[in-house]
Amino acid sequence: GIIFDQYVAKWIKNGLLGVCCIYVCDLFMPVMWQVGITWISIIVTALLGIPGVIIMYLINIIKNF
């Protein structure tokens, strides 16, 4: 029970931190590079953390390049 709670708390923390990072980055990025806050972006950042945010932006930039 305790180990499961620690993982869930870590995923929630990573998800919230990722949403904040995406929000701040979207304020300064050009419109075509913005990722946006969706369920997919929340799940990716919850599982991968900040590297997930970076990966999503790189994929989006390459896709629109």
Nearest non-hydrogen partners of S41 and G36, listed with the distance: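 That closest heavy-atom pairing would be OG-O, 3.4 Å.
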For the student: nearest non-hydrogen atoms of M29 and Q34, plus distance: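 Where M29 meets Q34 most closely, the heavy atoms are O-NE2, 3.5 Å.
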Co-membership, hydrophobic cluster, residues [X] and [Y], 4.5 Å side-chain:
X: V24; Y: V53; answer: yes
X: M32; Y: L27; answer: yes
X: V35; Y: I62; answer: no

Pairing residues for I61 by the side chain to side chain contact (heavy atoms under 4.5 Å, CB included) criterion, not counting sequence neighbours: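 Per chain and number, I61 pairs via side chain to side chain contact (heavy atoms under 4.5 Å, CB included) with W33.
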Any residue meeting side chain to side chain contact (heavy atoms under 4.5 Å, CB included) with L47, in chain and number order, not counting sequence neighbours: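 In terms of side chain to side chain contact (heavy atoms under 4.5 Å, CB included), with neighbours along the sequence ignored, L47 is linked to W11, I43.
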Side-chain donor/acceptor of [X] to backbone N/O of [Y], under 3.5 Å:
X: N14; Y: L48; value: no
X: Y57; Y: I22; value: yes
X: N60; Y: M56; value: no

Apart from I50 itself, residues in the same hydrophobic cluster as defined by side-chain heavy atoms under 4.5 Å: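 Result for I50 is L17, I54, L58.
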Other residues, nucleotides, ligands: >12 heavy atoms within 6.0 Å of I3 CD1: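 No, not enclosed.
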Working for side-chain contact (heavy atoms from CB on, under 4.5 Å), residues I42 and V19: CA-CA 7 Å; I42 294 171; V19 166; 3.6 Å; yes
